[in-house]
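A, B, ... follow the sequence lines: proteins, then strands. Residue 1 opens every chain. All figures in this text were calculated on a predicted structure; none of them were measured in a lab.
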Protein chains: 2
Amino acid sequence: MLTEKELKEYCDNARKNYLAHFSIDCVVFGFHEGLMKVLLLEVKDEGECYLPGGFLLKKEPIEMAANRILKERTGLDEIFLQQFHVFGDPDRSKQHFDMYKDMIAPEENWFTNRFLTLGYYALVDFCETNPAPDQFAAKCFWSDLNDLPELKLDHALILKTALDALRLQLNYQPIGYNLMPKEFTMPELQKLYETILDKKLDRRNFQRRMLGFGILTRSEQPRKGGAHKAPYLYSFDLKNYEAALKEGFKGGW
Amino acid sequence: MLTEKELKEYCDNARKNYLAHFSIDCVVFGFHEGLMKVLLLEVKDEGECYLPGGFLLKKEPIEMAANRILKERTGLDEIFLQQFHVFGDPDRSKQHFDMYKDMIAPEENWFTNRFLTLGYYALVDFCETNPAPDQFAAKCFWSDLNDLPELKLDHALILKTALDALRLQLNYQPIGYNLMPKEFTMPELQKLYETILDKKLDRRNFQRRMLGFGILTRSEQPRKGGAHKAPYLYSFDLKNYEAALKEGFKGGW
DNA sequence: TTACAATTGTGTCCATATTACACTTTGATT
DNA sequence: AATCAAAGTGTAATATGGACACAATTGTAA
């Protein structure tokens, strides 16, 4: 919780620099070794959690803002974010921030304004990140998707909508670059799909299909050292991968 | 072009009632008998065209605003609109509205504010509509998609993005209810798909696939009176149609 | 050293979906 | 009655998706 002085400063500053009534929230899904997580912040002194979000500078392009906000809140940089939905219920933020109501007049309190929020989602390898909370958060952490804490505002809805969008994306776009290490095994890649979709896939059929997309290159040397048969290593054929991103996997019609 | 008094009144009114920096633009695709069109407005005295758009009332839900705006601008009511993208280039509206720059101070001119715009799209039967321009437009009309006039602002980009979203939608959702008459023939429905996708489809394969979705009911009586063989009439099985809307046609995985 | 367990690689069958393609039927027009 | 234009229908070849089993490799434990 902020002091009165801090709050007023923040609000003055916000009014000066940010575009009113508009915010951005980021749903960053993290994957590593079969675990799917989502990046959350925890409010200082309260224990409640929320998605990393923030406001748009008055002259800032929105894509840039989404990246800046994510970096400021969580330290994560250079993440490919994709917008997926605007959440615009007029009351979506009303029930919160009541705690400051005696400290500042409502019309001066930036946080009690109405905000439309634009949701962005991303998928990253959470082991290559160093989440760092900003000054307003007690911590920034990867939360298990199946064991989420209570989320502020409508952030649970935003998260669910993002997950639906991500799953839909699997059907017509490749996924996994920036997520898998440079070289990875087919079972490792399969784990990614299984984790996102939250269901088991057939090993053999997965491999056939994935190879059919033509976005993978198999390296000569299999991985050594593990217990059990040495798996082949694959890497993404970036040229074909990018092409598939644009074209989509199948037209359907 | 507005007079100075009209402009100032509009701006005062807008500041009082609308949420700043945010607008909504609607891309309404119209279909009828094999023709695909899009609903446009033409600026009075200028000839330039634009998509029907407007602003969000301070306490209005965005879905409601999209419908209200479409109705106010074009007279079209009860249209199912779907949001698809936010356009947020900080300069997207800068180059326009310069014509008023001597009439009003820039900081008082609502239109020179920065606006993020949320795009909605819809698909309707244009013969069941009665487009009516509002007071600011010279006319409201259905323009051929293949013969578009010059569009203001970034509306050409918005339109193209909407068309891509519509085509993507064809792959995983049924389409056509509210668009076809209650009863229609298979070739008529096929024409809809061909028009949206802008390519020919095979008659027999289209029919097989469409029937496979299980969203059509064939009526007992074929249509009479045309020259040539009487075609069967179909109607949408609304229950299955709605289910398919939610479920999607195929998961892919 | 040998047997075992765990993991990966690979191929085949079958059902279904997709594509390409041609003939028949119907109803109005002449 | 012949013709034309549009609509109905079927089939064969191919591709795809899903289910499934066995062989190969590697470390570990007996």
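Checked by distance alone, A:Arg204 brings a side-chain donor or acceptor within 3.5 Å of a matching partner on the base of D:dA21. In this model, a side-chain donor or acceptor of A:Arg203 finds a partner on the base of C:dG9 within 3.5 Å.
For the pair A:Arg208 CZ and C:dT10 P, the computed distance is 13 Å after rounding to whole Å. Straight-line distance from the CE atom of A:Met210 to the P atom of D:dG17: 12 Å, rounded to whole Å. Nucleotide D:dG8 holds its C1' atom 15 Å from the CD atom of B:Glu188, rounded to whole Å. Counting to the nearest Å, the P atom of D:dA19 and the CG atom of A:Leu201 are 10 Å from each other. As rounded to whole Å, 17 Å separates atom P of C:dA17 from atom CZ of B:Phe206. To the nearest angstrom, P of C:dT7 lies 19 Å from OH of A:Tyr232. The interatomic distance linking A:Lys191 (NZ) with C:dT7 (P) rounds to 10 Å, in whole Å. For the pair B:Leu211 CG and C:dT18 C1', the interatomic distance rounds to 15 Å; values are reported in whole Å.
Nearer to the 5' terminus of DNA chain C, by closest-nucleotide assignment, is the contact made by A:His228 (compared with the other of A:Met186 and A:His228). Between A:Lys229 and B:Lys229, the residue whose closest nucleotide on DNA chain D is further toward the 5' end is B:Lys229.
When the nucleotides C:dC21, C:dT18, D:dT26 are ranked by their closest atom to the side chain of B:Asn205, C:dC21 comes out on top. Comparing C:dG9, D:dT9, D:dG18 by their closest approach to the side chain of A:Arg209 singles out D:dG18. For A:Asp202, counting side-chain heavy atoms from C-beta on, the closest listed nucleotide (D:dG8, C:dG9, D:dC20) is D:dC20. Checked against D:dT26, D:dG8, C:dT10, the side chain of B:Gln207 finds its nearest nucleotide in D:dG8.
The two residues B:Arg167 and B:Ile196 come nearest to each other via the heavy atoms NE-O, 2.7 Å. The shortest non-hydrogen separation linking A:Ala138 to A:Pro133 is O-CG, 4.0 Å.
Here the side chain of B:Thr117 pairs a donor or acceptor atom with the backbone of B:Ser23 at under 3.5 angstrom.
A salt bridge is defined here as a Lys NZ or Arg NE, NH1 or NH2 lying under 4.0 Å from an Asp or Glu carboxylate O, and A:Asp202 with A:Arg204 meets this definition.
Evaluated for a side-chain contact (heavy atoms from CB on, under 4.5 Å) with B:Tyr121, the options B:Val27, B:Leu163, B:Thr161 yield exactly one hit, B:Val27.
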